[in-house]
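Quick notes on the structure that follows.
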Amino acid sequence: MQTSAVTQTSHDQHGLYPQAITVEDFRRNLVKVRERIDIASRRAGRDPANVRLLPVSKTFDEAHIRLAYAAGCRQLGENKVQEAHRKWTAMADLADLQWSVIGHLQTNKAKLVAAFATEFQALDSLRVAEALDRRLQVEGRSLDVFVQVNTSGEASKYGLQPQEVLSFVKELPAFTALRVRGLMTLALFSSEAERVRQCFILLRNLRDQLREGAPAGIGLEELSMGMSGDFEIAIEEGATVVRVGQAIFGARSTPDSHYWPAGSTTEEPPS
Ligand SMILES: *Cc1c(COP(=O)(O)O)cnc(C)c1O
């Protein structure tokens, strides 16, 4: 498609998004992001209804999250499970607010995820799958999961190598409390749009291949890919979930290295 080949990243905005401090700010930002989702979907000949927006609230406090809720957010993504669990506890009164954990998990924290999350997007080991399943069985809960894949080839990024995913997925039916929904990735953080796009294409191709060989009961429809700086490209390549933080909440004061392994960003935002 001619137009999609020229879609650029907006990583130059990284760190510059204005802070959302009123419900109106959140409403406006959500409208703007949804517009961008609509435009990218139509450009790719897709129905925007098939792209779920997952607002990412990491680093933002309870007051800001309550504003986001008032503006209509009913599901939030958090990178770190302890931070997410703390917020869930503090906002238990918002009964219909759901939490999606989107960052790497250590087995010793599986218990926390099993207690409150409705979705976990960073599954990357059988040990974590087992620990989650065990705790979920105890809690009588189930959990939607995405398998995280390292599509950028960066050693510092979490996720399975693409060639490991098929054998991994074949083990998952054993964990009956996990509902496997699809794949998740973080693309290369780069202003070179074509290199970013290659990460998304890799994830889609992998999903398409896996769908043929996947065991019964393993759903592999979903592709969680794209964030504030690159979600339009991800949508053009088939994203069904985009994880958007800064473009809704504003720039974060905590450096990204706190959430992503050091060295995983190849470029610094303009200072
Ligand atoms: C923070 C985060 C995002 C959102 O990034 P933004 O640049 O704020 O849109 C997406 N995915 C993961 C895994 C994250 O940790």
Side-chain angles (χ1 to χ4, degrees), residues 8-20 25-26 29-30 32-34 36-37 40 51-60 64-65 68 73 75-84 87 99-105 113 117 119-124 128 144-152 154 156-160 181-191 196 199-200 203 222-235 239-270:
Q8 297 301 312
T9 70
S10 44
H11 285 316
D12 57 344
Q13 287 299 304
H14 195 88
L16 300 178
Y17 291 93
Q19 297 298 309
D25 291 342
F26 278 98
N29 290 349
L30 286 163
K32 272 196 274 186
V33 169
R34 291 218 171 85
R36 286 169 60 188
I37 291 173
V51 181
R52 165 161 61 109
L53 170 60
L54 177 62
V56 176
S57 52
K58 69 184 185 208
T59 78
F60 291 97
H64 288 87
I65 290 175
C73 295
Q75 188 182 30
L76 294 172
E78 286 279 340
N79 186 297
K80 288 193 182 293
V81 62
Q82 275 152 315
E83 181 178 342
K87 290 173 178 175
W99 297 90
S100 173
V101 174
I102 60 175
H104 181 73
L105 184 67
V113 171
E119 181 175 270
F120 173 55
Q121 292 206 356
L123 184 63
D124 62 358
V128 168
D144 287 344
V145 298
F146 289 62
V147 176
Q148 184 172 358
V149 183
N150 180 341
T151 55
S152 66
E154 294 165 290
S156 59
K157 284 245 170 90
Y158 289 121
L160 295 171
R181 297 300 191 201
L183 306 178
M184 178 273 222
T185 201
L186 277 163
L188 192 71
F189 189 87
S190 168
S191 54
V196 173
C199 298
F200 299 140
L203 198 72
E222 306 275 343
L223 290 174
S224 175
M225 54 189 198
M227 35 202 250
S228 295
D230 58 17
F231 71 78
E232 281 109 331
I233 299 173
I235 289 170
T240 63
V241 182
V242 293
R243 309 176 307 267
V244 179
Q246 302 175 75
I248 296 170
F249 283 82
R252 287 180 289 273
S253 50
T254 314
D256 285 337
S257 57
H258 181 67
Y259 289 91
W260 293 316
S264 69
T265 52
T266 53
E267 287 167 28
E268 289 301 317

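Side chains are part of it too, since the values below use all heavy atoms of this structure and drop only hydrogens, waters and symmetry mates. Counting convention: from 1, in listed order, for ligands and their atoms alike.
- Evaluated by nearest non-hydrogen atom to atom 13 (C) of ligand 1, the leading choice among Asp230, Ile102, Ile248 is Ile102.
- Looking at ligand 1, you won't find any N or O of Met184 less than 3.5 Å from one of its N or O atoms.
- No side-chain donor from either of Ser228 and Gln246 sits under 3.5 Å from a side-chain acceptor of the other.
- One option in Ser10, Gly229, Ser228, Gly250 has a heavy atom closer to atom 6 (P) of ligand 1 than any other, and that option is Ser228.
- Distance alone, capped at 3.5 Å, places no donor-acceptor pair between the Glu232 side chain and the Ile37 backbone.
- The atoms of ligand 1 that sit less than 4.0 Å from any heavy atom of Val244 are 9 (O).
- Around atom 11 (N) of ligand 1, the closest heavy atom drawn from Arg243, Gln121, His104 belongs to Arg243.
- Distances below 4.0 Å separate heavy atoms of Lys58 from the following atoms of ligand 1: 1 (C), 2 (C), 3 (C), 14 (C), 15 (O).
- The main-chain N or O of Thr185 is never found under 3.5 Å from a side-chain atom of Lys157 such that the two would form a donor-acceptor pair.
- The aromatic rings of His11 and Phe189 sit tilted, their planes meeting at an angle between 30° and 60°.
- Panel note: side chain Asp230, backbone Met227; a donor-acceptor pair is recorded below 3.5 Å.
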